[in-house]
Each structure stands twice: as C-alpha cells, then as structure tokens.
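Notes follow once the structure below has been shown.
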Amino acid sequence: MPASSPLPSPSFSSSSSKPKAVISPPKRLPLINTAALARWTQRQSLEKPFQRFFRSDEKPLKRLSRFRRHLHRAKATVLMRGSTVGATLTLLLLSLIAQLDVCRASESVSDKPFITLNTSRDFPHITSRQQWQARAREIREQILVSCGLWPMPDKTPLNPHIFGKIEHDDYSVERVYFEPLPGFYLAGNLYRPRGKGPGPFPGILNPHGHWAQGRLADAKDGSVVARCINFAKQGTVAFAYDMVGFNDSHFSDSPTNKPFYDIHRQFGSAHSDLLWNISLMGLQTWNSIRALDFLESLPDVDPIHLACTGASGGGTQTYILGAIVNRLAAQAPVCMVSHTMQGGCSCENAPGLRVEYSNMEIAAAAAPRPQILVAATGDWTKDTLTVEGPAIAHIYDLLNAPEKLRYVRFDFGHNYNQTSREAVYAWFDKWLLNNPAPQSSAGVPPAPCLKESPYQKDSDSNLRVFPDFKLPGDAVTLNELVESLKAMHRNQWRALAPHSKAGLAHFKEVMLPAWRHTLHVEWPETNSSDRSDQHFAGASELLMPNHPRSLRTLVIVVHSGTNNSESASRFPTLIAGLAHARIPFMALDPWQVHRPRDQFADFFSTYNRTEAQEQVRHIVAACTYGRKALKAKKIVLCGIRRAGLWALLAASAADAVVADCCQLDVSDEQALLAPDLFFPGIHNIGGFEGAAILAAPHPLLLHNAGQHFKTDSLRATYQAIGLSGKLRIEAKLVEEDLGEWILSL
C-alpha cells in the first residue's frame with residue numbers, strides 16, 4: 001500500500017477488556033529508497049549523522065551496502081534518544097535492512113542458476129571438531145529423510161536362502177537371496193575363503209555400478225567377480241548384491257526383454273511417489289542396510305570388521321551407507337566422490353539430498369573411520385588430488401585421524417580395474433586384516449599395493465540365482481511394493497500421532513528433524529555451518545503505531561499475490577484493525593521464485609528447493625527476523641488465501657497461526673503436485689496436519705478448511721494435552737473474525 005493511502009476504518013474491535021481510545025494514525029513505514037530516507041532526515045534535522053551516506057552518484061545497491069555497515073551503530077544511537085523521532089528512525093532503519101536484503105535476494109534469485117548434478121560444489125568452511133560433528137549429524141538425517149527412511153522402517157525377517165556352493169582350491173562361491181522387504185527379493189553371490197581356518201573373517205559388501213552385466217561384470221575396466229574372488233583368497237567374506245532390476249533382483253511383473261538399466265529406473269518414477277519420498281535410491285539404500293545385516297549375521301563373519309566398496313553407482317551406495325551406519329570398519333568408494341558430477345541415475349538422486357550437501361561432504365561424514373578414495377584422470381574424479389581429497393582430509397585432521405584417509409588417482413577412464421582394485425586390497429589388508437605394510441630395504445613403507453592373484457570366473461548360469469526369471473511365489477509387483485511402502489509410512493504416522501503430553505514430546509523429537517529436512521529450513525537454528533543464505537527478504541510493508549500497545553507482539557501477514565501493490569489491498573480491513581489496535585504489523589510478499597517449467601525433470605528437487613519449500617523457508621526467516629532484528633517476543637503468523645497453506649507448514653516458527661486452508665483436498669495427490677504446493681515427502685511429515693501438530697500447544701486458527709482437509713489428529717492432540725480451547729477450526733471466516741481472534745491472544 002502506498003504511504004499516502006488513507007487507512008480504512010477498522011470494522012472489528014478487540015475482545016480485550018482494555019479501554020479503547022481515539023489514537024492518531026499510525027506511521028506507515030513502507031520500504032523506502034535511500035533518497036527518501038535522506039529527505040526525511042533533512043526534515044528532522046538529522047542530516048548530519050547520515051548525509052554522508054547518501055550520494056546521488058552512487059548506484060542504489062552500492063549505496064545501501066555502504067550504509068548498512070554503519071546501520072547497527074546508528075540504530076543504537078537513536079534508541080538511546082528515547083523519543084518518538086528516535087523510535088521512528090529506528091523503524092526506518094529496520095525497513096532499510098529489509099530493503100537491502102530484498103535487493104540482494106532479488107538479484108540472487110533472478111541471476112542464480114539452478115543447481116544440477118554437474119554444478120561445481122564447494123566444501124563448507126569447517127573450523128572445529130564440534131562444528132563438523134553437528135554438520136555430519138545433519139547430513140545423516142538428510143540422507144535418511146530423503147530416502148524415506150526417517151523414521152527407520154522395522155527390520156522384518158530376512159529369511160535368507162544360501163545354496164549352490166561351488167568350491168575352488170582357496171575360495172567358494174554360493175548363491176543367495178533374502179527379503180529386505182516382505183515379498184521383495186534381493187539376490188547376490190557369497191564368496192568365502194577356504195583353507196584359512198573357521199574364522200570369523202572380515203566381511204566386505206560389494207555393490208556394483210551401472211555396468212551392463214551388473215554384479216556379474218568381468219571386464220578390463222571393471223570386474224565385481226575379480227575383486228570378490230580376491231577378497232576371499234585374502235581371507236575375507238565378500239558379498240556381491242544386485243542393484244534393483246539388475247540380474248536377479250526384480251519384481252514379479254518386471255519385463256524380461258529390456259536391458260537391466262531400463263528396468264532398474266522404473267521404480268519410483270511416478271511423480272506421486274515423491275510425495276512419500278519413495279525413490280529408487282531409497283530402496284537401494286535400504287537394500288544396502290539389509291545386505292549389511294545379512295553379512296553381519298553369518299557365523300563366519302566378524303561383525304567388528306565390516307567394509308564396503310563399489311565403483312560408480314556402487315561408489316555412491318558405498319559412501320551413502322558409510323554416512324548413515326557406524327558399523328563399517330573401512331570403506332572404499334571408487335570413481336564417484338567428486339565436487340562436480342554427483343551421480344547421473346535416479347538410484348543416486350533422492351529428493352532433497354543435495355540441496356545443501358555434496359558428495360564430498362557425504363563421503364566425509366564417515367570420518368574418522370578408515371576410507372580410501374580411488375579416482376581417475378579420465379572421469380569427474382580427476383581433481384581428487386587437489387580438491388576433494390584435501391577437503392575431506394581436513395575433516396580427518398580435525399578429528400585427529402589423518403592416517404585413516406588415503407586418496408589416490410590413476411591414469412585411466414571411469415573404472416574399477418585391476419590397478420584400482422589393488423589399491424583397495426592394500427587398504428583393506430591394513431584395516432581389516434591388520435597386516436602391516438611391507439618395509440623397503442631402507443625401512444620406509446613403499447606405496448601400498450597388494451597384487452591381484454589370477455582368477456577364473458564361474459559361468460553366469462552357475463552364479464545366477466533366478467536364471468529363468470522365476471521368483472518365489474509371493475514375490476510382489478512393482479506397484480504392490482510401492483503401495484506397501486505407502487502403507488508403512490501411514491502406519492508410522494498413526495503410531496506417532498500424539499495422545500498425551502509425553503506423546504507430543506516424542507512426536508516432536510522424531511518429526512521436527514523430518515520437517516526441517518523435508519522443507520529445508522533452518523529452524524530451530526543449527527550450528528552445522530555458517531550459511532551465507534540465512535537472511536530474510538521480502539517485507540513489503542512494516543507498520544509501527546505512534547504509541548504501540550505492546551512491542552512484544554508482531555503480526556506477520558503473508559499473502560500469495562505477485563507484487564507489493566497486492567499486499568495490503570487484499571486485506572485492508574485486517575490491516576486497519578491492527579493499526580487502530582496499535583499492533584505492530586508486517587506484510588510479507590511471497591518469495592519471487594524463479595523455477596523451471598518442470599520441477600520433476602532433471603532431478604530438480606534433489607538439488608533445489610521447490611517453490612513451496614522456498615515460500616516456507618521465506619516465512620520461517622521472517623519469523624526469525626522478527627524475533628532477532630525487531631526484538632518481538634511473540635510472532636503471530638497470518639496466511640491469506642494460498643499463503644495460508646505455506647503459513648501452516650511454517651507454523652512451528654511462530655507463536656500463533658491463522659491459516660486459510662483453501663478447502664484443499666489433501667487426499668488428491670494431483671492437487672499436492674501443483675507448482676506452488678509440491679515438495680517431496682509431504683506425506684511423510686503428516687502433511688499440513690503434521691506441520692500444525694508441531695506447533696502445539698500454540699494457538700491455531702484454521703479456516704476455510706473444507707471437508708477434505710484432515711484435522712482429526714490435530715484435534716486429538718490438543719484435546720490430549722488439555723488445550724482444546726487454543727485450537728479453532730472453522731469452515732469460513734471473514735477478515736473481521738481473523739482480526740478479533742488475533743486481538744484476543
């Protein structure tokens with residue numbers, strides 16, 4: 001609303017018992033330009049302290065940046081005056097902060113390109129052990145949330161089948177299948193040492209990459225068979241298991257006439273799957289966890305000495321597993337950890353995974369456990385010796401474990417060839433078998449290398465578990481597995497729904513991290529790193545009465561218009577009522593999101609916030625800004641029209657919320673895929689209802705809810721904690737009703 005526009009007469013009154021009085025019009029403080037501020041200071045005879053900051057020959061953004069350096073000192077000065085002029089100037093300065101942030105944010109939003117899987121990423125500046133441990137915890141949580149594994153699913157019986165042993169002189173190989181999920185069968189081969197006693201032996205998981213033959217690949221550039229045979233000969237138990245859709249691990253309705261890679265990518269490909277964080281990467285990560293469970297359960301495997309290694313997509317599985325479990329004694333991701341290319345398949349790109357983090361950080365999350373990075377000059381790991389390796393080594397240094405990281409690079413293309421394998425053999429020989437490195441004649445250990453012994457691969461027919469594609473009779477179809485995962489998430493939600501104060505505390509303990517990582521917001525604030533993007537921008541209007549009723553409360557009204565002129569005009573009665581009740585008020589413009597035409601293409605949501613996530617993050621930042629910069633003790637959030645849904649998602653960051661629910665049918669997944677509402681994992685946090693429960697026991701007013709907007713669990717929560725009076729759910733209210741409710745707080 002322009003500053004010169006007259007205030008409409010208020011049409012609602014406070015339910016407070018405080019006497020009403022005729023007051024002078026409030027001072028409306030729209031965000032202003034520096035020239036306007038200069039003229040105002042001249043009229044107030046305040047030009048001397050400030051005129052040196054306003055030069056007409058400067059560009060506005062430079063002028064604002066220079067002025068901001070002196071802002072906090074100036075604010076302290078005017079506050080000390082204790083006058084109306086001082087208070088007004090303070091509010092103008094605060095408005096100027098917001099304008100500066102708007103300029104910066106607008107510039108960054110319009111100019112900043114989307115992040116893709118090939119965008120160069122930087123390792124954050126980490127200065128302490130504690131800082132990294134906090135960030136590593138955030139990384140672990142993000143992986144689990146992105147993969148649909150938060151909370152962790154129940155581990156159902158594996159029901160393993162081990163059969164078809166083939167014995168060689170110094171190793172044996174067997175066929176294996178088990179159920180990581182009921183009715184879904186994961187298959188592989190188990191290689192064991194012979195002639196080395198009864199064990200127990202170290203166990204090594206061997207996920208494969210996207211080689212055409214999967215776990216049966218045996219080529220010059222990459223051979224899963226070669227490394228598993230040699231691991232067994234060296235005295236370890238090696239288990240090679242399939243990626244989804246490869247070799248023997250498929251669904252009862254999987255086509256048999258397509259390449260494994262095409263079948264592989266069918267799972268989790270529906271847009272609606274993203275609403276549940278059901279993804280190919282999530283399923284494969286769960287398979288890796290259960291494969292480790294299987295390996296650990298074998299009587300001849302030492303559970304203290306477990307490891308994992310794989311190349312390419314198998315390298316992704318390796319460092320993902322290493323980041324989320326603490327059972328690995330060593331790991332070796334090969335030709336995958338890069339500051340540029342992050343993984344080109346859906347099995348490597350869970351939604352939300354790399355909005356904040358890169359593969360470098362995910363690999364570093366395993367520190368201080370032993371790890372070797374193997375790179376190649378002919379692929380995206382070519383800079384490992386100068387970029388990725390030193391960055392991760394810094395973390396090992398902070399954790400006082402520099403000897404537990406090694407990084408090497410060989411002059412080949414993308415591979416897990418004999419040279420690369422031999423580097424891993426030597427590393428595992430040291431950390432799993434406890435064999436000291438050989439000494440040279442001068443007593444100095446040579447470069448670690450353990451030569452690969454000759455081997456002979458068994459025929460594919462002897463290694464395949466289901467060579468005729470005939471799975472057990474209870475094997476599920478692809479859609480049946482998807483539906484079972486949805487049912488699992490629903491059951492998890494029902495089990496967490498609060499029925500007491502203790503239940504609410506447990507709900508928040510589990511679901512608050514899920515909410516933060518699902519919506520990618522920084523509240524409560526974490527200390528994981530210094531985020532350069534932690535700022536607030538976008539207030540279109542900041543209003544402070546001459547004699548405010550209280551400086552403790554700030555009302556933030558969020559609308560879903562597209563520009564400043566629409567802000568106040570959409571709710572003039574509410575604004576006028578707040579003004580005449582002397583309530584400080586901020587009108588919040590929606591974040592101007594520059595988004596692609598298709599938020600589902602090119603793994604967009606793996607690397608970027610969706611529009612809905614940006615809007616919620618913007619609202620949360622405004623609440624934080626209100627508390628810190630404006631010193632408000634209570635934040636009341638009021639969402640108008642479509643913005644009411646964003647406000648409800650951000651409810652945890654406020655002290656009271658008014659939300660227009662837009663009569664949304666939350667059971668309609670197509671409605672949740674709309675550009676301004678879509679974000680992955682909405683169902684896993686309980687949707688809008690789950691976000692609202694996180695705000696309990698604060699006052700909530702939901703209106704325009706409609707019959708398909710779920711609130712049963714929300715009502716039950718407030719009833720269980722004895723605060724039903726703080727929750728109000730109405731079919732339809734007008735602005736006068738909203739104003740009266742706000743004034744009653």
Side-chain angles (χ1 to χ4, degrees), residues 108-122 142-143 145-148 209-210 243-245 258-285 312-317 319-320 335-362 379-381 414 482 517-520 533 591-617 669-670 672-682:
S108 62
V109 168
S110 61
D111 296 340
K112 183 179 179 181
F114 299 126
I115 299 175
T116 72
L117 61 88
N118 291 313
T119 300
S120 179
R121 308 292 290 268
D122 295 324
Q142 185 65 66
I143 294 171
V145 169
S146 292
C147 289
H210 293 97
M243 294 201 297
V244 176
K258 291 185 177 181
F260 291 146
Y261 186 56
D262 291 341
I263 302 171
H264 168 66
R265 292 181 296 166
Q266 290 178 347
F267 184 82
S269 59
H271 291 172
S272 58
D273 292 343
L274 291 172
L275 300 175
W276 302 85
N277 274 345
I278 293 174
S279 67
L280 180 56
M281 184 175 182
L283 179 56
Q284 288 200 171
T285 301
S312 192
T316 299
Q317 293 175 71
Y319 59 71
I320 289 293
C335 289
M336 196 62 240
V337 178
S338 170
H339 74 289
T340 53
M341 209 283 285
Q342 304 293 299
C345 180
S346 53
C347 74
E348 302 170 275
N349 287 283
L353 178 63
R354 300 188 184 92
V355 171
E356 294 287 349
Y357 312 111
S358 72
N359 286 353
M360 289 187 292
E361 292 182 75
I362 297 172
D379 73 2
W380 46 86
T381 60
H414 193 60
V482 169
H517 291 289
T518 296
L519 287 160
H520 301 288
D533 57 356
W591 183 261
Q592 298 304 306
V593 178
H594 174 51
R595 67 168 186 265
R597 292 182 179 179
D598 187 355
Q599 294 187 98
F600 304 98
D602 302 322
F603 311 123
F604 176 81
S605 64
T606 298
Y607 298 91
N608 306 274
R609 292 176 177 86
T610 66
E611 178 179 354
Q613 290 167 331
E614 290 282 17
Q615 301 296 359
V616 174
R617 178 169 174 260
E669 294 197 329
Q670 288 304 309
L672 298 178
L673 294 173
D676 64 336
L677 290 186
F678 165 68
F679 62 93
I682 181 174

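Counting from 1, the numbers follow the sequence of the chain as shown.
- Contact between Q284 and C347 at its shortest, heavy atoms only, is NE2-CB, 3.5 Å.
- Taking all atoms of both residues into account, the shortest heavy-atom contact from G352 to H520 is O-CE1, 3.2 Å.
- In this structure, the side chain of D262 does not engage the main chain of K258 through any donor-acceptor pair within 3.5 Å.
- Residues Q670 and S272 form no side-chain contact, since every pair of their non-hydrogen atoms from C-beta on lies 4.5 Å or further apart.
- Rounding to the nearest 0.5 Å gives a distance of 14.5 Å between CG of L672 and NE2 of H271.
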Trace of the side-chain contact (heavy atoms from CB on, under 4.5 Å) decision for T116 with F604: CA-CA 7 Å; T116 72; F604 176 81; over 6 Å; no
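- For the pair V482 and I278, the tightest heavy-atom approach, listed with the atom from each and the gap, is O-CD1, 3.8 Å.
- Looking at every heavy atom in both residues, Q342 comes nearest to R121 through NE2-CG, 4.4 Å.
- Using a 4.5 Å heavy-atom cutoff, the side chains of F267 and M281 are not in contact.
- For the atom pair CG of L519 and CZ of F679, the computed distance is 4.5 Å after rounding to the nearest 0.5 Å.
- Judged purely by distance below 3.5 Å, without hydrogens or angles, the side chains of D602 and Y607 never pair a donor atom with an acceptor atom.
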side-chain contact (heavy atoms from CB on, under 4.5 Å) assessment of T285 paired with I320: CA-CA 7 Å; T285 301; I320 289 293; 3.8 Å; yes
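- Side-chain contact check for P351 versus S279: some heavy-atom pair is nearer than 4.5 Å.
- Smallest separation of non-hydrogen atoms from H414 and S312: NE2-OG, 2.9 Å.
- Taking the side chain as every heavy atom from C-beta outward, P680 and Q613 approach each other to under 4.5 Å.
- From N359, atom CG reaches atom CH2 of W380 across 10.5 Å, with rounding to the nearest 0.5 Å.
- Two residues are said to be in side-chain contact when any heavy atoms from C-beta on lie closer than 4.5 Å; D122 and H339 fail this criterion.
- To the nearest 0.5 Å, atom OG of residue S605 and atom CZ of residue R354 are 12.0 Å apart.
- No hydrogens or angles considered: a donor-acceptor pair under 3.5 Å links the side chains of D379 and T381.
- Between atom CZ of residue R617 and atom OG1 of residue T610 there is a gap of 12.0 Å, rounded to the nearest 0.5 Å.
- Taking the six-membered ring where tryptophan is involved, the planes of Y261 and H210 are perpendicular, since the angle between them exceeds 60° and thus also 30°.
- Across all non-hydrogen atoms, the minimal contact from N349 to G343 is ND2-O, 2.7 Å.
- Inter-residue side-chain proximity for D676 and Q615 is flagged as unmet; no heavy-atom pair is nearer than 4.5 Å.
- With rounding to the nearest 0.5 angstrom, the SG atom of C147 is 9.5 Å from the CD atom of Q142.
- Put simply, the side chain of I682 does not reach to within 4.5 Å of the side chain of W276, judged on heavy atoms.
- Under the 4.5 Å side-chain criterion, counting only non-hydrogen atoms from C-beta, Q599 is not in contact with R609.
- Neither side chain, H517 nor S146, offers a donor N or O lying under 3.5 Å from an acceptor on the other.
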Audit row: V355, N608, side-chain contact (heavy atoms from CB on, under 4.5 Å) steps and yes/no: CA-CA 5 Å; V355 171; N608 306 274; 5.7 Å; no
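- In the model, T316 has a side-chain atom that pairs as donor or acceptor with a side-chain atom of E348 under 3.5 Å.
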